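Input: a single structure, listed below in C-alpha cells.
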Amino acid sequence: MSVLIKNGMVVTSSGRYAADVYVDGEKIKAIGSDLEHTVKAEEVVEAKGKYVLPGAIDPHTHLAMPFMGTTSKDDFRTGSMAAACGGTTTVVDFVLQNKGESLYDAVERKKGIADGMVVVDYSLHPAVLDPRPEVIDEVKKAAREYGTPSFKIFLFYDFRVDDYTMIRLLEETKKYGGLVQVHAENFDIVRRLNENFEQAGTMSPMYHAKAHAILAEEEAVDKAAKMVEFTGSRIYIVHLSSKEGLWKIKKARDRGVEIYAETCPQYLTLNEERYDEPNWQGAKYVMSPPLRPKDSSEELWLGLRYGDVQTIGTDHCPFDFKGQKDMFGKEDYKKIPNGAPGIETMLMLLHSEGVVKGRISLEQMVAALSTNTAKLFGLTDKGEVAVGKDADLVIFDPKQKFTVSQSKLHMNVDYTPWEGWELTGMPSVVYSRGQRVAEWDGKQMKFVGKEGAGRFVKRQPREGS
Ligand code: URP
Ligand code: ZN
Ligand code: ZN
C-alpha cells in the first residue's frame with residue numbers, strides 16, 4: 001500500500017514546514033514539495049490546514065494487569081484500539097515479573113497475551129519484582145537480546161525493591177545501555193500516614209491523596225538521584241506528580257546527575273479536589289502518586305516547556321468504577337485498586353490544554369509525546385516524521401472540536417476522568433506502519449485497523465555500552 005499525504009504541515013521536535021509525505025509499504029519514503037509529480041500513490045489524502053505528526057508513543061501502560069485483587073480492564077485488543085483512536089501508534093507496557101520467573105519468561109508470557117490481539121506496535125518493560133542474583137545478571141541479555149533494555153522498579157507497593165536492588169540494576173544497566181525506571185514514593189511515609197488515618201477513622205478517597213504525601217515523592221526522587229550519583233548510571237522517574245518532585249530532579253541535574261522525568265496528562269490537568277466528589281466517585285482518581293494541587297500542574301507544564309520533563313506517559317491502568325473501584329466496599333480508600341484510564345486521550349489533552357492554551361509549543365508536544373520517548377527507550381524506527389522511519393503518522397486537525405464522553409471513547413472502562421471536557425484538535429487519520437488504523441467519522445474516532453496487526457518491537461540499548 002502506498003499513500004501520499006498532500007499539503008500538510010509536518011511537525012518535528014525542532015520545527016515545522018509545509019510538505020507532502022509519501023509512504024510506501026511500512027516506511028516513510030519521501031518528504032518534499034509537489035511529490036504528486038514524482039510518485040504514484042494508491043491513496044492520496046489532502047491534509048491542507050492539518051498537521052502531520054509522528055504517532056504518539058505511550059511508554060507507560062498497564063494492560064490486562066493483575067493488580068490489587070483484580071485485573072486492569074483493557075486487554076491488548078481494546079487498549080491498543082483505544083490508543084490508535086487517540087493517535088498513539090506504539091505502546092510500551094509493563095510486565096510484572098512473577099516470583100521465581102526469569103525476565104525472559106516474563107516477557108514471553110506477556111507477548112503471548114498481546115500477540116494476535118494488539119492492533120498497533122508494542123514493546124515491554126520488565127518490572128523487576130523478584131531480584132534474585134540470576135535476574136540481575138539477566139539485564140545484559142534483556143538489553144541486548146530480548147529487545148527490552150528498560151527495567152521498572154517500584155519503591156512502593158508490597159512488591160517494592162530495596163536499595164541494594166536499585167544499586168545493582170543501575171550498575172548493570174550502565175554496563176549494557178539499559179535504563180532503570182522508578183516509581184518514586186517512600187513506602188514508610190505513606191504507611192505511617194495510612195496508620196494515622198486509620199486510627200482517626202478518616203478513610204474516604206481524599207485520604208489516599210493525603211497519605212501519599214508529596215514528601216514521599218520528594219524523598220524517593222532524591223534517593224533515586226543519590227543512587228545514580230553513587231553508581232554513575234542514569235534513571236527515569238515515572239509518573240512524576242508534584243512540583244516539589246520536579247525541583248528535586250532539577251537540583252540533581254544541576255549537580256550532573258543523568259535523571260529523566262515522565263509526567264502524565266492527569267497530573268497536568270486534574271487536581272486533588274476530585275477526591276471530594278460525592279458517592280465515592282473520588283475513587284475514580286485513586287492512583288499512585290495521587291492528583292496534586294493546581295500549582296504542581298502548572299509547574300509540570302513549565303517543566304515540559306523548559307525541557308525539565310522529557311516525556312508523557314498515560315499510566316493507563318483502568319478499573320471500572322462499578323464493580324472494581326467499589327469492589328471491596330466503600331469504607332477504606334486503601335482497598336481501591338490504584339489507577340485510571342487515559343490511553344486514548346493523551347494527544348488530544350496535550351494539544352488542547354497545552355498547545356492551544358499556550359503552555360507548550362507544538363514542537364515541544366511532539367518531543368514529549370514521540371521523539372524524546374523513542375530516543376530514551378531505543379525505538380529507533382519510531383518517533384519522527386523522517387525518511388526511513390516507520391510510517392506511524394497522525395494527520396491532525398487542530399481546529400476539530402470534541403466533547404469528551406466515555407460513550408464516544410474506545411477504552412473498555414465505564415468512565416473517563418475528562419467527561420464533558422471540550423477539546424480542540426483531533427486526529428483525522430492515523431496510520432500504523434502505513435496502514436490506516438483510525439479515522440474521524442464526523443462525530444468521533446472510528447477504529448478501522450486489524451486485530452493482531454501490531455508487532456512486538458525489539459528496542460535497542462543505548463549505543464556505546
Ligand atoms: O496508580 C497507579 N499508578 N497504578 C498503576 C501502577 C503504577 O504504580 O504505575
Ligand atoms: Zn507506578
Ligand atoms: Zn504505572
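Both ligands and their constituent atoms are indexed starting at 1 by order of listing. Owing to the predicted nature of the structure, the values given are computational and were not obtained by experimental measurement.
- Closest to atom 3 (N) of ligand 1, if we only count protein heavy atoms, is Asp315 OD2, 2.6 Å.
- Within the 3.5 Å criterion, the main-chain N or O of Asp74 finds no donor-acceptor partner in the side chain of Thr78.
- For the pair NE2 of His62 and NE2 of His60, the angle whose vertex sits at the Zn ion (ligand 3) is 110° to 10 degrees.
- Judged by the shortest distance from any of its heavy atoms, Tyr157 lies inside the 4.0 Å radius around the atoms of ligand 1.
- Within ligand 1, the atoms closer than 4.0 Å to a non-hydrogen atom of His62 are 5 (C), 6 (C), 7 (C), 9 (O), numbered from 1 in the order shown.
- The nearest protein atom to atom 4 (N) of ligand 1, hydrogens excluded, is given as Asn338 O, 3.1 Å; this is a heavy-atom distance.
- Put simply, Cys317 stays out of reach of the Zn ion (ligand 3), with no N, O or S atom under 2.8 Å from it.
- Remark: distances from the non-hydrogen atoms of His60 to ligand 1 include one below 4.0 Å.
- Between Phe319 and Phe67, the two ring planes are parallel [angle under 30°; tilted spans 30° to 60°].
- Ring geometry for Tyr157 versus Phe159: interplanar angle of 30 to 60°, hence tilted.
- The ligand atoms of ligand 1 that sit less than 4.0 angstrom from a heavy atom of Cys317 are 5 (C).
- Taking a cutoff of 4.0 Å between a charged side-chain nitrogen and a carboxylate oxygen, Arg359 and Glu298 qualify as a salt bridge.
- Between Lys458 and Glu145 there is no salt bridge, since none of the side-chain N atoms of the basic residue sits less than 4.0 Å from a carboxylate O of the acidic one.
- We find that Lys140 and Glu172 are not joined by a salt bridge, their nearest charged nitrogen and carboxylate oxygen being 4.0 Å or further apart.
- Below 4.0 Å from some heavy atom of Met287 lie the following atoms of ligand 1, by number and element: 1 (O).
- In this structure, the protein non-hydrogen atom closest to atom 1 (O) of ligand 1 is Ser288 N, 2.7 Å.
- A salt bridge links Asp222 to Lys248: one of the charged nitrogens lies within less than 4.0 Å of a carboxylate oxygen.
- His183 contributes atom ND1 as its closest N/O/S atom to the Zn ion (ligand 2).
- For the Zn ion (ligand 3), the nearest N, O or S atom contributed by Asp315 is named OD1.
- By the 30° and 60° cut-offs, the orientation of the rings of Phe396 relative to Tyr51 is parallel.
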